[in-house]
Every structure is written in C-alpha cells, then in structure tokens.
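A short write-up of the structure that comes next.
Labels below follow one simple rule: chain letters A, B, ... track the order of the sequence lines, proteins then strands, and each chain is numbered from 1. FYI, side chains are in, hydrogens and waters are out, and symmetry mates aren't considered; it's all heavy atoms of this structure.
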2 protein chains.
Amino acid sequence: MKPPEKAFLDYLASRNLKMTPQRRLILETFIKADGHISSEELYNKVKAKDPSVGQATVYRTLKLLSESDIAEAVDFGDGVARYELHYGQEHHDHLICERCGKNIEIVDPTIEKLQEDLAEKYGFELQRHKMYLFGVCDKCKKKSED
Amino acid sequence: MKPPEKAFLDYLASRNLKMTPQRRLILETFIKADGHISSEELYNKVKAKDPSVGQATVYRTLKLLSESDIAEAVDFGDGVARYELHYGQEHHDHLICERCGKNIEIVDPTIEKLQEDLAEKYGFELQRHKMYLFGVCDKCKKKSED
DNA sequence: CTCGATGCAAACGATTTGCAAAATT
DNA sequence: AATTTTGCAAATCGTTTGCATCGAG
C-alpha cells in the first residue's frame, strides 16, 4: 500500500490541485502527531517548524486530508474537532475516560457484525458508524479510593 | 414516576433556583417538540408562543435541563447541538440516514451487553455510551435506483 | 504565464456572558 | 428586601472566507 504522502499527492493531482511546502509540512506533522489532534494543536506544532504558516492553511489542509480520506474527524462531544490518521488504518471505536481523558482505541468484531445486522433489520445500508464508550479507567478508579 | 415538570421543579429547588414562566414555557415546548431539536428550533417555537422570550434564555434553560438530566444532548456530527427528552426515557442509540436525515431510535440488548464486557476488559467502569449508525434508508435506496 | 495556494484580517454561526432592569421567593 | 432571572447586545470560540499577493506546474 502506498504511503499517505503519495496518496495525498495522487488526490491532489486528480483534482488539479498543487502540492506545496506548507501542505507537505502539515501532513508530515499530522502523521507524526498520530493521535486525536485538533486543528489548533496541529497549527501550533506546524508553527514551531515554520512560523510563517497561517492558521487558515492548516484548516484548509485538514479539510483536504479529510476529503481524501487520509484523515478522519473524530468528535468526542467536547466541541473541539479532532482528527486522526485514517488512511491505511483499521476501523476502531473509542473508549474514553471521563476523568483523565485517556483514550483507548477498540474494536469488537462481534459488535461490528451486530451493527450491520441491526441496520439491515431496519432496511438501512450501513455506511459507517461511530461508537464511543465513556467510563472511568482503572487508574482514576483507584485514585478516587484514596 | 414524577412528570418531567415536577422533576425540573425539584432540581431547581435543590439548587435554590427559581421557576419562571419562561422556563415553564420552554420546558413545555421542548417536551411537545419531542424529537432531536436544536436550541434555535426550540427558540423559534417558543417565540411563536411568547415573542418576548430571548434566545439566551432558551440556551440557558436547555443547559439547566441537561444538567438535571431531563434533556440530553445528541450530536449527529453536523455541527448543530440537538437535544432530546431524556428523563423517563429508555436509553437508545441512533440509526441515521445520510441522505434524508431520517432518524430511527434503536436498542440492541446484545450490543449493550458486549459494550459492558468490552469496557470491563480494559479496566473501565462504563458510565454511558453513544452509538450512531450512519447509512442509507430503504426509501433513499429506492429513489437512487431511478 | 496561468491558476491554485497562501497569509492576513475580517466575517461567520453557534453559543456565552456582562449588565441593568424585572421578577421570584 | 435579597437574590436570581431576564432580554439585550456585545463578546467569544472555533472555523471559514475575501482578497491581494505569491508560487507551483
């Protein structure tokens, strides 16, 4: 499978868009960050490498990366849009600690299958889903026992 | 089980807050709307009944309703905060048609159980979850066959 | 050379907040 | 009477857009 950089280049070419140093830097920084990064966080990291890059360019590039399915938006419901690397990654859901914010990526094939069945039962063709489990992690549970 | 109006009254009393005609009207309108209503939609309905009510009051009341678990925010990822009646309702998830926006409330006990197990496996104490299935409904599928 | 891309600042939409006046307990 | 609530408008937050300039192809 081609690397994300190449996939992005292809996407740009297919749309008659251009590769630029800014886009290269933003993608590279995004991949290295490899988490659930917000546009602003990404902007700060990028700015550290090249202070001349504008915030709008980060927003615009992140949009392109989403359109090309290289990035995907994840929404933890806290009002901030976050992105994660999607290209070449397996699907996963999220298990989030409401105390410390720890975030574990999870998959359960049985649940995935049941979701398909459930959608079908209602005549839907399932395209994607988002599942977030919110709870309290081990560490935070222990902490509260003090 | 006491009606939501009473539950709200109790919540207000417990916090030394006051019941007002505006809050009464907003809650009543919210309950009648009974769907996945945004603050602005609710504001418009309320305004139709009493044009003197301000938008900020609707936002503030919706916040109170959420805090008291009478309403719950649902997020379909389209950037608009929606609310649904939570008090006295059973938990459910959402099956959303990406074409027409149709929204079906669903529950699958098996999935619910598996979510519990999954959280436990990672040492989490599950508190709540959100599951959204996005797809294309029957009608829209047929429409696209034309 | 031609478009698309950039940085900036202004514009935006949803939500929140400060404030003085009004209403509830 | 004391304190909360209200409506209004201004402020805020994250994000988007218009524009003149810059740069990739």
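- In this structure, CG of A:L25 is placed 15 Å from C1' of C:dA5, rounded to the nearest angstrom.
- When the nearest nucleotides of DNA chain D are assigned to B:Y43 and B:K18 by heavy-atom distance, the more 5′-ward of the two goes with B:K18.
- Residue-level contact check: B:V80 touches neither bases nor backbone, having no heavy atom under 4.0 Å from any strand.
- Taking atom CZ of residue A:R23 and atom C1' of nucleotide D:dG23, one finds them 12 Å apart after rounding to whole Å.
- Looking at A:K130, its side chain never comes within 3.5 Å of a backbone N or O of A:D93 through a donor-acceptor pair.
- In this structure, A:L17 and B:Y83 both approach DNA chain C, and ranking their closest nucleotides by distance from the 5' end singles out A:L17.
- With respect to B:R24 and B:E5, no salt bridge is recorded, no charged nitrogen being found less than 4.0 Å from a carboxylate O.
- Between the CD atom of B:Q22 and the P atom of D:dC8 there is a distance of 11 Å, given to the nearest Å.
- Here A:T20 reaches the OP1 or OP2 of C:dT6: one of its side-chain N or O atoms lies under 4.0 Å away.
- Taking atom NZ of A:K63 as the reference point, atom C1' of C:dT6 lies 16 Å away to the nearest angstrom.
- Each of B:Y59 and B:M19 has a nearest nucleotide on DNA chain C; the 5'-most of these lies closest to B:Y59.
- A salt bridge does not link A:K121 to A:D117: none of the charged side-chain nitrogens sits closer than 4.0 Å to a carboxylate oxygen.
- Listed candidates were C:dT17, D:dT15, D:dT6. Nearest to the side chain of A:Q55 is D:dT15.
- Panel note: side chain B:Y132, backbone B:D75; a donor-acceptor pair is recorded below 3.5 Å.
- In this model, no side-chain donor or acceptor of A:R60 finds a partner on the base of C:dG4 within 3.5 Å.
- Nucleic acid contact class of A:P21 (heavy atoms, under 4.0 Å, all strands): sugar-phosphate only.
- Counting to the nearest Å, the C1' atom of D:dT4 and the CG atom of B:L64 are 11 Å from each other.
- At whole-Å resolution of the value, CG in A:L62 and C1' in D:dT15 are 11 Å apart.
- Atom CG of A:N44 and atom C1' of D:dG14 are 14 Å apart (whole Å).
- Proximity of B:S52 to the phosphate of D:dT6: no side-chain N or O atom is located under 4.0 Å from OP1 or OP2.
- The separation between A:L12 atom CG and D:dA24 atom P is 14 Å, rounded to whole Å.
- Distance OG1/A:T61 to CG/A:L42: 8.5 Å, rounded to 0.5 Å.
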